[in-house]
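Presented below is the structure to which this report refers.
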Amino acid sequence: WYMPRLWPMALLGLIGWAATFAIMAIFGVAAFVALLTERNFSAMHLSSILFFLIGVLLVIIVSLWIQVAVLLLVKPGNEKANIKTLLKEAKNVIGSYFWMMFLRGLAMVGGCILLIVPGIIIGVWFSLSQYPFIFEGKKGVQALTRSKELVKGYWWPVFLRYFLLM
């Protein structure tokens, strides 16, 4: 099952790593140059912080794009898909994927504000939300709700697997 997908997955990982490295190198150098060339101390720090934040935002976008492409690769029927097609398809859904992941993070932070335990419970409930998003076409809250349904009755096994992976 995994052998036909192994090399495309490895290539997607390599593309993500290379893009992240390039973005951080470019924006890191830009921030460093801004530090050296600015005479005004506050403008120097502001421009450096701005370059850094733009770099981080681009890395987040690239990471999500690669995540979606890998998930699309393991989707049944995509065994023979090439990298270019996967990245193009992933680009079309990255906004919805980001929104779903943002909602998931917001729910987990809200749970952690109440106490740590509710945050962990919510985190496990919504931990599978990317799969209904990709495999079933669920978006936003629908993907989160479906994830909770999938975890129902298996909360402890899912929690233990995530705990062991940490």
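Remember, predicted model here, so these are calculated numbers, not experimental data.
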| query | Is there a chain of hydrophobic side chains (I, L, V, M, F, W, Y, each step under 4.5 Å between heavy atoms) that links Leu14 to Leu72? | reply | no
| Spacing of Thr85 atom OG1 and Asn82 atom CG [to the nearest 0.5 Å] | 3.5 Å
| query | At what distance, to the nearest 0.5 angstrom, does CG of Leu87 lie from CG of Asn92? | reply | 11.0 Å
| request: With rounding to the nearest 0.5 Å, note down the distance linking NZ in Lys138 to CD in Glu149. | output: 7.5 Å
| task | Identify, with sequence neighbours excluded, every residue that meets side-chain hydrogen bond (donor to acceptor under 3.5 Å, both in side chains) alongside Ser63. | result | none
| said: Using a 6.0 Å distance limit plus a 45 degree cone around the ring axis, check whether Lys148 lies over the aromatic ring of Phe126. | reply: no
Could you pull out every donor-acceptor pair under 3.5 Å between side chains of residues 17-30 and any protein atom, sequence neighbours left out?
{"residue": "Thr20", "atom": "OG1", "partner": "Gly16", "partner atom": "O", "Å": "2.9"}

| query | Taking it one step at a time, do Val141 and Thr145 satisfy side-chain contact (heavy atoms from CB on, under 4.5 Å)? | reply | CA-CA 6 Å; Val141 175; Thr145 305; 3.8 Å; yes
| Is it true that a side-chain atom of Ser147 and a backbone atom of Trp125 form a donor plus acceptor pair closer than 3.5 Å? | yes
| message | Applying side-chain hydrogen bond (donor to acceptor under 3.5 Å, both in side chains), can you list everything that pairs with Gln142, at least two apart in sequence or on another chain? | response | none
| Taking a hydrophobic cluster as the set of Ile, Leu, Val, Met, Phe, Trp and Tyr residues connected by side-chain heavy atoms closer than 4.5 Å, whether directly or through intermediates, do Val109 and Val124 fall within one such cluster? | no
Distance-only donor-acceptor hits, side chain of residues 98-106, under 3.5 Å, sequence neighbours excluded:
{"residue": "Arg104", "atom": "NH1", "partner": "Ser129", "partner atom": "OG", "Å": "3.2"}
{"residue": "Arg104", "atom": "NH1", "partner": "Gln130", "partner atom": "OE1", "Å": "2.8"}

| note | When every non-hydrogen atom of Pro132 is compared with those of Leu150, the smallest separation belongs to CG-CD1, 4.0 Å
| message | Between Ile120 and Ile116, is there a side-chain heavy-atom distance shorter than 4.5 Å? | response | yes
| From CH2 (Trp65) to CG (Leu86), nearest 0.5 Å | 11.5 Å
| Atom of Pro118, atom of Gly111 and distance for their closest heavy-atom approach | CB-O, 3.5 Å
| field | Partners meeting side-chain hydrogen bond (donor to acceptor under 3.5 Å, both in side chains) with Glu89 (sequence neighbours left out) | value | none
| If you round to the nearest 0.5 Å, how far is CG of Leu71 from CD1 of Ile66? | 11.5 Å
| request: Any chance you could lay out the side-chain hydrogen bond (donor to acceptor under 3.5 Å, both in side chains) test for Gln67 and Tyr97, step after step, and finish with the verdict? | output: CA-CA 10 Å; Gln67 281 179 25; Tyr97 187 77; 2.9 Å; yes
| note | Output for pair (Ile134 CD1, Leu73 CG), nearest 0.5 Å, gives 11.5 Å
| query | Do Val74 and Met9 have side-chain heavy atoms sitting under 4.5 Å apart? | reply | yes
| message | Applying a strict under-4.5 Å side-chain criterion to I, L, V, M, F, W and Y, I'd like to know whether Met108 and Val117 cluster together. | response | yes
Check: residues 151-166 side-chain donor-acceptor pairs under 3.5 Å, at least two apart:
{"residue": "Arg161", "atom": "NH1", "partner": "Pro157", "partner atom": "O", "Å": "3.3"}
{"residue": "Tyr162", "atom": "OH", "partner": "Ser127", "partner atom": "O", "Å": "3.3"}

